[in-house]
Asks: 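The structure's right below; bear with me while I get my questions together.
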Protein chains: 2
Amino acid sequence: MDAPLNERSQNILEAIVEDYIHTAEPIGSRAITKRHAFDLSPATVRNVMADLEEMGFLASPHTSAGRIPTDKGYQYYVESLLQVRDLPEEFRHSLEDSSRFAGKSMEEVMQEVGNLLSGISKYTGLVMAPRFNSTIFRQIEFVRLSQGRLLVIFVSESGLIQNKVIEPGIDFSQRELESITNYLNHQLPGMTITQVRERIAVELREEKTRLNKLQKQAFELSDKALQGDVAEQVYVAGTSRMLEQPDFTSHDSMMKIMRTLESKQQLIELLDSSQSAGGVQIFIGSQSSDAKIEGCSLITAPFSGQKGAVGTLGVIGPVRMNYSQVIPIVDFTASLVGRLLDRES
Amino acid sequence: MDAPLNERSQNILEAIVEDYIHTAEPIGSRAITKRHAFDLSPATVRNVMADLEEMGFLASPHTSAGRIPTDKGYQYYVESLLQVRDLPEEFRHSLEDSSRFAGKSMEEVMQEVGNLLSGISKYTGLVMAPRFNSTIFRQIEFVRLSQGRLLVIFVSESGLIQNKVIEPGIDFSQRELESITNYLNHQLPGMTITQVRERIAVELREEKTRLNKLQKQAFELSDKALQGDVAEQVYVAGTSRMLEQPDFTSHDSMMKIMRTLESKQQLIELLDSSQSAGGVQIFIGSQSSDAKIEGCSLITAPFSGQKGAVGTLGVIGPVRMNYSQVIPIVDFTASLVGRLLDRES
DNA sequence: ATTAGCACTCAACGCGAGTGAGTGCTAATG
DNA sequence: CATTAGCACTCACTCGCGTTGAGTGCTAAT
């Protein structure tokens, strides 16, 4: 929109953003000429800074303080100036050290991934597990627990397992259950759970004529088994990392953030928005949907195995976040988890 | 140890504790005579307060402030003065409204219980799910997932379900699995998981002679299935409630508490200690094991179904906690969850 | 034994001067 | 004409200081 920035302005903007990310304090003109070897006097830098402020990239908390980047400033920085570093070897190693994940359940893995994200990035880690509804059906099994109580197990194409106890009116024999299982495992694979639901609804509506007793029972059972939506699972790790940030020292801002991090629902909404687009997504400050996370930036990436189970993970921190470090962490972790999902199946 | 308090001293101590719980500010002699209709002058109250301070029940932050209860003061209050109120109807209703729990998995139920605890008490809720290792074995099932991969399902006597994917070396046929299942379900019920583990170890050690091939395979499979300890599940709800407390306004104390609430391990240790004793337990301030939760009190109660799965739940908050309100909440919730467990089986 | 009276203590609040980092403007400079 | 040196100005922040008032402890009177 505005005239593009010339190189010197870019350099100065970059310097300010990076210094501010580092120190969390307003950056003055003199500080810049000192820390960076521009061959410029403070006065010149001041002129440039005044221009940048007018264009909306910088702001000053008050007349006699230095400048801090605005959201727009961060955006420009991330989009045009930032060069993403490679993920340092050590992090790569500690992430890839898959012994951590050996023999763990899906949940434990998600939890552990969150911990790693948080531990390495020093911010708060978020992981939204693959949505059950959009996973692809592979297998269903029934286990008799006791009189009239059945355990239903769904296995998705990517190896996710979901189970549920139901109480059908009838007490099926082992043999009946086997037949039902066989029938369903022949009919349903390849569809997503949502599609399976629809299919069942259709079958049950126009049942009467075509279906035999067994088939009817099969659909009724699986209908029961799929009733009730599965709550999204969101894992949050390292919430106290938020409190470490000098950006959120005020009691108010702390509370606001902690409340948001507690509300699974709000987190789902946040993470959902990045689900569709592939690759790393960056939401800076107010740009991120709601004002729920005022003063925060969110870096997310979807992950998926080859067979489609899709989840999202990310890191949330203050707008003054070390983007160049966090972006590769999120990126790499997402692909790592993808590989992990494939391994499982 | 000391001479018992006379009635007047008790009344005044009670008044101070309750007022302080209410206001979170040091209580002065005049304030007491005003708020409570003792027929005493401030001067007399002062004398009593001086005595109470000498005995260690009260302390003054500085000379010219009022008094606040010490940990010892709270303890005396809880043990001798407090009369536990009945749980108000409204809370009882909202807890018993079991539609909340209908058709939910164990985890979701635990999560929901935590939310209720926190929501009603206005403090932070903790729930430690029944320890898998001490649950009683009822049933095992195997489901073939794909070449060489098996899903193992344990069902405990109280209806808890635990599953795990294993990869035995051999690819068992459906028929073989059925035999193995039958054999194990005949051999193992009634023992705790820990006992089952020991039994398997013994059997495998002195195998050679007595066991036929099937039996040997059965034990090897279940050995694999039980390898690796199951991590304790702890659910924390309403952490931000901690930040609401005026007791923890300092940045330091906030961080300390949030860190502790994040560390499942530390929470397990806390909750574990109350596991053994039955009924509501109250840990006040430094009395609670470690200084991990400085300035906090913990009220816990174990819960268990008739068939033995045992967990612990509780509420954690500042020492300046509304004991008379929280104690019945924790008590009632524990028994409620116990009933819930029975219903499941 | 209780209470009124009084001197004393001390955190909290408000105020004003001093400090210094940083700015914007203007005039000099290569 | 862009850059720079110089300078007056702004304003958050800190520190010291007197004031205030809630609350105490002690003593003497009831």
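Here the structure is a predicted model, which is why all the values come from computation and not from measurement.
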Asks: Among L126(A), L117(A), T300(A), which residue meets the side chain to side chain contact (heavy atoms under 4.5 Å, CB included) test with L313(A)?
Replies: L117(A)

Asks: List for me each residue that meets ring pair (Phe, Tyr, Trp, His ring centres under 6.0 Å) alongside F332(A), sequence neighbours excluded, and say none if there are none.
Replies: none

Asks: Can you tell me how far P of dG22(C) sits from CZ of R35(A), to the nearest Å?
Replies: 9 Å

Asks: If the condition is salt bridge (charged side-chain N to carboxylate O under 4.0 Å, His left out), which residues does R35(B) pass it with, not counting sequence neighbours?
Replies: D19(B)

Asks: For nucleotides 24-30 of chain D, give me every protein contact, N/O to N/O, under 3.5 Å, one pair per line with atom names.
Replies:
residue	atom	partner	partner atom	Å
dT24(D)	OP2	S29(B)	N	3.3
dT24(D)	OP2	S29(B)	OG	2.8
dG25(D)	OP1	R67(B)	NH2	3.1
dG25(D)	N7	R46(B)	NE	3.2
dG25(D)	O6	R46(B)	NH2	3.2

Asks: Atom CG of L52(A) to atom C1' of dG22(C): distance rounded to whole Å?
Replies: 17 Å

Asks: For R46(A), enumerate each residue passing the salt bridge (charged side-chain N to carboxylate O under 4.0 Å, His left out) test, keeping only those at least two apart in sequence or located in another chain.
Replies: none

Asks: My understanding is that only residues two or more places apart in sequence, or in another chain, count here; which of them pass salt bridge (charged side-chain N to carboxylate O under 4.0 Å, His left out) with E14(B)?
Replies: none

Asks: In whole angstrom, what separates D51(A)'s CG from dA2(D)'s P?
Replies: 11 Å

Asks: Within this structure, what is the CD-to-C1' distance between E7(B) and dA1(C), rounded to whole angstrom?
Replies: 17 Å

Asks: Filter on side-chain hydrogen bond (donor to acceptor under 3.5 Å, both in side chains), then keep only pairs touching residues 54-63 of chain A, sequence neighbours left out; what's left?
Replies: E53(A)-S60(A)

Asks: Take atom CD1 of I32(B) and atom P of dG23(D), then tell me their distance rounded to the nearest Å.
Replies: 11 Å

Asks: Which residues pass the salt bridge (charged side-chain N to carboxylate O under 4.0 Å, His left out) test with E25(A), not counting sequence neighbours?
Replies: none

Asks: Nearest whole Å is fine: how far is dA11(C) P from H62(B) NE2?
Replies: 5 Å

Asks: How many whole angstroms separate atom CG of D19(A) from atom C1' of dG22(C)?
Replies: 16 Å

Asks: Taking only the side-chain nitrogens and oxygens of T44(B), find out if one of them lies under 4.0 Å from OP1 or OP2 of dT3(C).
Replies: yes

Asks: In terms of relative ring orientation, are Y74(B) and Y323(B) parallel, tilted or perpendicular, with 30° and 60° separating the classes?
Replies: tilted

Asks: Under the ring pair (Phe, Tyr, Trp, His ring centres under 6.0 Å) rule, collect the residues that match up with Y20(A), sequence neighbours excluded.
Replies: none

Asks: DNA chain D in dot-bracket, Watson-Crick or G-U pairs under 3.5 Å, [ ] crossing, | other strand?
Replies: ||||||||||||||||||||||||||||||

Asks: Separation of I16(A) atom CD1 from dG22(C) atom P, in whole Å?
Replies: 12 Å

